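One structure below.
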Protein chains: 2
Amino acid sequence: MASSPPSSSSSSEEATTSSSGSASVQFSKYSRRATLRSVVGRPDGGLGLSGKRAVVGGWVKSANVVKAKRGGGAMSPPRMPATETTGLTCTEVLMARVPLIRCIAKLIGGASAVDKASSSVSYKLGPVTALVRINDGSCVPDLQIVVDSSLCPLEQVTAIGASVLVEGKIELVEGKNQQRVVELRVDKVLHIGAVNIDNKYPLPNVELLTPDELIKDYPQLAPRTTAMASAARVRSEMVHAAHAFFQTNGFFHVNTPIITTTKVAGDRRKMFRVMRPTSKSDNRAITPEVVRASIKAKTKQIEALERSESNKEALEAAELDLQRASELAQQLEQQGSADFSDDSFQHPLYLSPDHTLHLETYACALSSVYTFSPAFQAESLEPHKHLAERWTIDAELAFAELEDAISCAVDYLMWLLCTVSKNCSDELKFLSTKENNGKNFHINSVVSSPWERITYNEAVNTLLQVGIVACGTQKEERMDKLTARHGTVKHSGFSMDMEQLILLVTGLNK
Amino acid sequence: MASSPPSSSSSSEEATTSSSGSASVQFSKYSRRATLRSVVGRPDGGLGLSGKRAVVGGWVKSANVVKAKRGGGAMSPPRMPATETTGLTCTEVLMARVPLIRCIAKLIGGASAVDKASSSVSYKLGPVTALVRINDGSCVPDLQIVVDSSLCPLEQVTAIGASVLVEGKIELVEGKNQQRVVELRVDKVLHIGAVNIDNKYPLPNVELLTPDELIKDYPQLAPRTTAMASAARVRSEMVHAAHAFFQTNGFFHVNTPIITTTKVAGDRRKMFRVMRPTSKSDNRAITPEVVRASIKAKTKQIEALERSESNKEALEAAELDLQRASELAQQLEQQGSADFSDDSFQHPLYLSPDHTLHLETYACALSSVYTFSPAFQAESLEPHKHLAERWTIDAELAFAELEDAISCAVDYLMWLLCTVSKNCSDELKFLSTKENNGKNFHINSVVSSPWERITYNEAVNTLLQVGIVACGTQKEERMDKLTARHGTVKHSGFSMDMEQLILLVTGLNK
């Protein structure tokens with residue numbers, strides 16, 4: 001590559017680091033707080049911000065309640081990892097505070113749980129402090145905030161999933177393995193978005209690493225898990241990198257139709273059909289005149305198809321359409337009106353499974369073009385094992401031959417991998433450690449090794465030899481998709497499945 | 001705005017301008033030629049490249065044939081505008097060369113046209129030269145190339161719509177109004193992508209300025225007109241600018257589902273229905289057991305909806321689903337099998353008309369997010385006056401209030417307008433002159449004037465007072481779409497219709 005991909009860190013996201021003392025960490029633009037990315041997401045983990053004031057927000061990921069130390073401000077308790085069982089859980093605090101909850105808990109969990117809570121947290125114990133780990137989805141690491149019971153009812157701020165917006169001072173504390181970390185000692189609670197605790201909020205108190213059940217039952221909460229949020233950030237970075245690559249290399253971005261009347265030969269059984277809603281006023285539009293005009297147009301179309309020696313499939317489809325129109329005309333002549341949607345007769349509509357055809361049109365006008373669009377494929381046999389909609393990057397280069405398209409595809413892939421490797425190191429580290437036990441896809445080894453260019457036949461043979469599609473073979477598989485077409489201008493293109501690439505890079509494809 | 005938008009000019013697109021003499025203009029990356037943007041699209045119109053060699057490609061937009069001057073190389077004929085009628089048209093050259101075409105032309109156009117061609121171009125006249133205006137879609141200005149008849153049959157290189165790839169030397173010549181312009185004196189024809197001249201290629205010999213008929217009859221050729229190509233480049237620039245804006249400001253890009261089971265309340269009649277193709281194997285899947293399981297799940301869902309005091313619409317829809325499932329169960333018990341697609345019963349599928357709902361889910365996990373996705377709306381009454389699919393930018397900001405969203409929306413719009421104004425000046429100039437007789441939308445006046453923030457009611461009143469939606473009111477209308485929602489976290493968002501914005505900026509919305 002001639003130029004290197006850009007870094008994702010931007011000026012507006014950087015926090016003020018000029019001086020110590022009471023200076024504040026800057027608000028994120030268009031938001032009423034500093035992102036955690038600009039605090040604990042910094043390369044130094046936020047250590048350089050010690051002593052500064054900050055407003056931060058996030059969702060509660062875990063919480064512990066401990067007895068408050070005297071003069072708590074300066075002497076903060078040690079930072080506690082989420083899995084540690086010291087202190088009290090938020091449910092316990094809740095039970096201690098709200099009599100009704102205590103009664104419910106007694107019914108569900110038996111008396112012992114309630115007794116434990118009652119005995120360990122009570123007003124007799126005096127002031128307590130909550131150690132709350134929050135995350136706002138902007139980076140992998142959480143931030144621990146320390147909230148004193150004098151500031152707000154602790155059951156609100158310790159409820160898993162609740163959103164909090166707090167103000168306080170960033171302080172250095174000792175974390176695991178004597179490592180120095182930062183936490184925020186809260187002195188003002190600005191907003192609490194409470195969760196409905198009665199309904200047993202489903203996010204558990206621990207990291208959900210393979211959130212299959214969560215996704216199925218509560219898809220709206222899936223992005224709150226570190227794994228899904230990390231994958232979403234990697235995807236976002238990759239999409240940005242894709243656009244940056246093509247812009248840097250003079251490609252124009254176009255959007256090709258999603259709803260199309262074009263049937264892709266060979267794929268008809270995998271195409272979704274689109275139906276317009278019918279209303280009574282629609283039917284009025286189908287008069288014998290409309291149908292006769294349609295028959296005329298269709299006949300003309302068939303003549304054109306026959307003349308241009310177009311593919312047989314298109315001709316057959318057109319003839320079928322004509323036949324249906326003729327039948328309809330007969331019906332109308334007899335009955336005077338028809339009672340169905342005009343879509344099914346004039347222009348059967350489908351969801352586009354592929355953007356190449358329309359993209360070629362643009363390439364033959366604007367030179368090098370690309371699109372980032374959803375492609376649809378209905379897999380009737382195993383609908384749950386296939387994605388009905390996948391976002392793909394398709395590129396088409398005019399005045400280019402197959403070798404050019406291959407070079408472009410390789411550079412594009414390198415650019416994406418380099419960008420993600422550089423800007424999403426925390427995310428990839430998290431996903432590789434937790435998801436795959438270190439057996440993940442090693443981006444750096446791919447980026448540094450040379451790429452072999454093989455023919456379609458060689459690729460098919462390789463695939464037949466392994467049976468299991470490994471990472472390496474997947475890349476070759478994508479390379480196969482490079483196709484050369486020759487029309488009015490020499491143009492070549494390639495297509496890459498963004499979702500497959502995300503799975504490959506994040507190692508979530510196990 | 002704190003930071004200014006980036007310029008679209010990139011290093012790989014820049015041509016070598018270091019020294020004069022026989023140095024060559026660099027190839028565009030992944031393509032076998034220099035783009036016209038890097039030659040005539042330069043701010044100096046390519047004057048600085050005089051004397052350099054270049055390989056360029058493009059499609060023929062117009063052509064004239066003139067008698068070649070002796071020692072033509074250095075003494076080139078003056079550059080001719082497309083509308084000038086001196087010289088011969090390509091059809092005339094063609095008729096002179098190909099006897100069959102002459103016969104056809106006689107049948108169609110009468111003898112006089114043929115006679116004119118025969119008398120003006122003949123082998124007796126000696127060598128002729130074609131002045132061919134080409135464009136590769138990378139910029140507004142065309143490049144004139146000068147091709148001698150000794151290099152190739154001129155009827156090939158002068159056919160409107162043909163693609164050519166040629167090599168030669170960039171020379172300074174005198175254009176209109178004694179202005180100095182560049183042209184390419186061709187000494188090597190590398191490739192010609194011929195057009196099928198028999199079929200009356202539809203692109204006429206003049207600029208198509210309002211290509212309504214062309215779009216209708218030959219949509220694949222529409223982007224070859226300067227107007228459509230300009231609009232496509234403006235759109236591409238705007239899409240790039242949109243992504244750059246959100247990336248710079250720390251937003252994550254997400255893609256929300258296109259095919260959805262969610263019915264948007266109030267919009268049901270405008271939603272496209274999606275049907276999976278049915279196959280015989282599908283029907284086997286619908287057994288009484290499957291239906292019973294589905295009934296169980298639906299009952300559970302209704303209970304949950306009743307508990308959570310969700311909206312009435314969702315509850316009604318769920319109850320309707322349950323009723324249908326129960327009916328199906330009855331049928332199955334009686335008949336043993338059902339003969340229709342499972343889609344219509346288990347999960348009715350729709351095309352998403354709006355991305356806000358899913359985007360909120362992401363905002364409540366990743367903080368500030370945006371999406372650039374197609375939104376679908378079926379307008380049953382006037383399908384040809386409404387776009388069934390529109391690409392929209394939707395943004396959702398966590399920990400943000402309405403004022404933040406408005407600030408973000410205004411900055412975003414400013415960023416887009418500044419970028420387009422800076423990087424697409426040629427395109428906007430072309431569109432404003434030809435399309436709207438100078439009555440176009442003045443970007444600079446909008447960028448420099450302050451924006452008023454009005455309430456929804458004020459906006460509605462303004463709209464009622466004007467009745468015609470003018471440019472100014474369209475902006476206000478979009479501002480109305482800013483909405484504030486309060487869930488578990490304070491979050492606000494906005495939505496902008498990319499297609500509407502393109503129409504506004506290019507002035508094509510007349």
Side-chain angles (χ1 to χ4, degrees), chain A residues 2-3 10-13 28-33 35 57 136-138 163 165 193 220 223-224 229 232-233 236 239-240 243 247-250 252-255 258-259 269 272-277 279 281-282 361-362 365-367 374 378 380-381 388-389 391 397 399-400 404 407-408 488-489, chain B residues 2-3 10-13 28-33 35 57 136-138 163 165 193 220 223-224 229 232-233 236 239-240 243 247-250 252-255 258-259 269 272-277 279 281-282 361-362 365-367 374 378 380-381 388-389 391 397 399-400 404 407-408 488-489:
Chain A
S3 43
S10 62
S11 58
S12 61
E13 278 292 295
S28 170
K29 215 168 179 183
Y30 317 120
S31 186
R32 307 264 157 142
R33 94 298 185 204
T35 60
D136 66 355
S138 65
S163 84
L165 186 66
Q220 75 276 20
R224 290 229 191 141
R233 284 192 297 270
S236 169
V239 171
H240 282 146
H243 286 292
Q247 193 187 19
T248 303
N249 289 296
F252 294 107
H253 176 278
V254 296
N255 281 118
I258 309 289
I259 298 178
R269 291 181 145 202
F272 283 106
R273 180 82 183 269
V274 179
M275 310 289 273
R276 272 208 303 130
S279 71
S281 58
D282 276 345
T361 296
Y362 277 106
L366 299 172
S367 292
S380 53
L381 290 176
E389 55 185 89
W391 283 75
L397 299 79
F399 303 100
D404 300 310
S407 297
C408 183
T488 52
V489 59
Chain B
S3 43
S10 61
S11 57
S12 61
E13 279 291 296
S28 171
K29 216 171 179 182
Y30 317 121
S31 186
R32 308 263 158 144
R33 96 296 185 203
T35 59
D136 65 354
S138 65
S163 84
L165 186 67
Q220 75 276 20
R224 290 230 190 141
R233 284 194 296 272
S236 170
V239 171
H240 283 146
H243 285 292
Q247 194 186 18
T248 303
N249 289 297
F252 294 108
H253 176 277
V254 296
N255 281 119
I258 308 290
I259 299 178
R269 290 181 145 201
F272 282 105
R273 180 81 183 269
V274 179
M275 310 289 273
R276 272 208 304 129
S279 70
S281 58
D282 275 345
T361 297
Y362 277 106
L366 299 172
S367 292
S380 53
L381 290 176
E389 54 186 271
W391 284 76
L397 300 77
F399 303 100
D404 301 310
S407 297
C408 184
T488 54
V489 59

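Residue numbers begin at 1 in each chain, while the letters A, B, ... track the order of the sequences. Just so it is clear, the model here is predicted, and its values are computed rather than measured.
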With A:Phe399, which residues qualify under ring-ring contact (aromatic ring centres under 6.0 Å, His included), at least two apart?
B:Trp59

Under 4.5 Å to a heavy atom of chain B? For A:Ile259 that would be both

Largest heavy-atom contact set with chain B, pairs under 4.5 Å, which of A:Pro374, A:Ser236, A:Ser31
A:Ser236

Using a 3.5 Å distance criterion without hydrogens, assess whether the side chain of A:Gln247 forms a donor-acceptor pair with backbone atoms of B:His240.
no

First locate atom CG of B:Asp404, then atom OG of A:Ser28, and finally report the distance between them rounded to the nearest 0.5 Å.
9.5 Å

Approximate separation, where rounding is to 0.5 Å, of A:Arg32 CZ and B:Leu397 CG:
11.0 Å

Please check if the side chain of A:Ser367 supplies one atom and the backbone of B:Ser138 the other of a donor-acceptor pair under 3.5 Å.
no

Taking every non-hydrogen pair under 4.5 Å, which of B:Ser407, B:Ala229, B:Gly57, B:Gly137 racks up the most with chain A?
B:Gly137

Which one wins on heavy-atom pair count under 4.5 Å against chain B: A:Leu165, A:Asp136, A:Asn255?
A:Asn255

What residues form a side-chain contact (heavy atoms from CB on, under 4.5 Å) with B:Ala232, not counting sequence neighbours?
A:Leu366

Might you point out which heavy atoms bring B:Glu389 and A:Ile258 nearest each other, and give the distance in Å?
OE1-N, 2.8 Å

